[in-house]
Amino acid sequence: MRDFELFFNGHNCREFNLIVSKYPSIPRLNEEYDEVKIEGRNGPLYINKGTYENRKIDIEFKLISKTEEYYTDFEQVEEWLSNIEDNSLIYGRDDRKFTVKKVIIGDLKKELRVCGAFKVTFICDPFMRDIEETNIDIINNSEINNSGDFAIEPIIEITGSGDISIEINNSIEVTFKGIKNKVILNSELMLCLDADGNSILNKMYGDFPTFKQGKNTIVINGSITKATLKFRNLYR
């Protein structure tokens with residue numbers, strides 16, 4: 001991606017006669033914490049919570065358009081930013097993306113005859129992610145490499161029947177009782193579904209699986225015909 005370009009919602013900003021007029025300041029990721037004052041102790045105690053706030057990324061744009069198309073072009077920009085089908089935001093690097101939760105569009109300030117300036121605030125998930133999703137067929141003892149900065153919360157799809165268990169790093173994480181055809185386990189959203197999208201949490205026992213940083217192993221036990229694993233690494 002070239003300088004002063006941004007990719008969002010399936011389009012490059014230049015498709016709308018837009019350029020990024022000023023490099024944004026990307027907020028760094030800091031863990032949330034509680035501050036606890038203890039009587040008789042010098043200074044407060046800080047307890048990390050293991051959670052992170054959303055990131056707010058302010059982007060300043062310039063709209064460069066023909067005079068007679070100026071406002072029509074801006075309406076197309078508003079449509080692009082408001083009707084979100086793909087919430088991936090790519091800026092600054094081509095291998096990672098932000099996941100946008102909300103877009104706030106600032107006022108349009110017309111400059112000269114064919115140039116307009118405005119600011120857009122992208123409220124994003126805390127973590128950057130791989131652009132491409134990793135999709136792995138699990139065969140016997142499969143090895144997963146988490147090359148990101150945080151634990152991975154994967155999607156695991158298993159086709160099989162009866163009692164099934166998932167073992168990660170030589171420890172049973174979760175078991176399923178009486179599976180009829182398929183189970184879809186989404187650790188990030190904490191969903192356990194059958195092939196029709198119905199919740200089968202009542203058949204699940206244990207925790208939603210995660211993969212720590214570095215090398216991990218996964219074994220699926222039971223009468224299964226296919227198992228796949230989907231995830232994106234998470235970065236600061």
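Computed over heavy atoms, backbone and side chain alike; hydrogens, waters and symmetry mates excluded.
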Worksheet item: About how many Å separate CG of Asn198 and SG of Cys192, when rounded to the nearest 0.5 Å?
Response: 11.5 Å

Item to complete: Could you tell me whether Lys230 and Glu157 have a side-chain N and a carboxylate O separated by less than 4.0 Å?
Response: yes

Quick check on the hydrophobic clustering: are [X] and [Y] connected, directly or via other members, by side-chain heavy-atom contacts under 4.5 Å?
X: Met190; Y: Ile200; result: yes
X: Leu185; Y: Leu201; result: yes
X: Phe98; Y: Phe4; result: yes

Worksheet, complete the sentence: Grouping ILVMFWY residues whenever side-chain heavy atoms fall under 4.5 Å, the cluster of Tyr205 otherwise contains none

Do the side chains of [Y] and [X] get nearer than 4.5 Å, heavy atoms only?
X: Phe16; Y: Phe74; value: no
X: Lys49; Y: Asp34; value: yes
X: Ile152; Y: Thr210; value: no
X: Cys124; Y: Ile57; value: yes
X: Arg14; Y: Leu18; value: no

Worksheet item: Relative to each other, are the rings of Phe61 and Phe122 parallel, tilted or perpendicular (30° and 60° limits)?
Response: perpendicular

Discussion item. Are more than 12 heavy atoms, taken from residues, nucleotides or ligands other than Glu53, located less than 6.0 Å from that residue's CD atom?
Written reply: no

Worksheet item: More than 12 non-hydrogen atoms from neighbouring residues, nucleotides or ligands closer than 6.0 Å to OH on Tyr23, yes or no?
Response: yes

Discussion item. I want to know whether Phe150 and Tyr52 have ring centres closer than 6.0 Å.
Written reply: yes

Discussion item. If the condition is salt bridge (Lys or Arg N to Asp or Glu O under 4.0 Å), which residues does Asp73 pass it with, not counting sequence neighbours?
Written reply: none

Worksheet item: Are a donor atom and an acceptor atom from the side chains of Ser88 and Lys97 found within less than 3.5 Å of each other?
Response: yes

Practice prompt. Determine, for Tyr235 and Arg96, whether the Lys NZ or Arg CZ falls below 6.0 Å from the six-membered ring centre while staying within 45 degrees of the axis.
Written response: yes

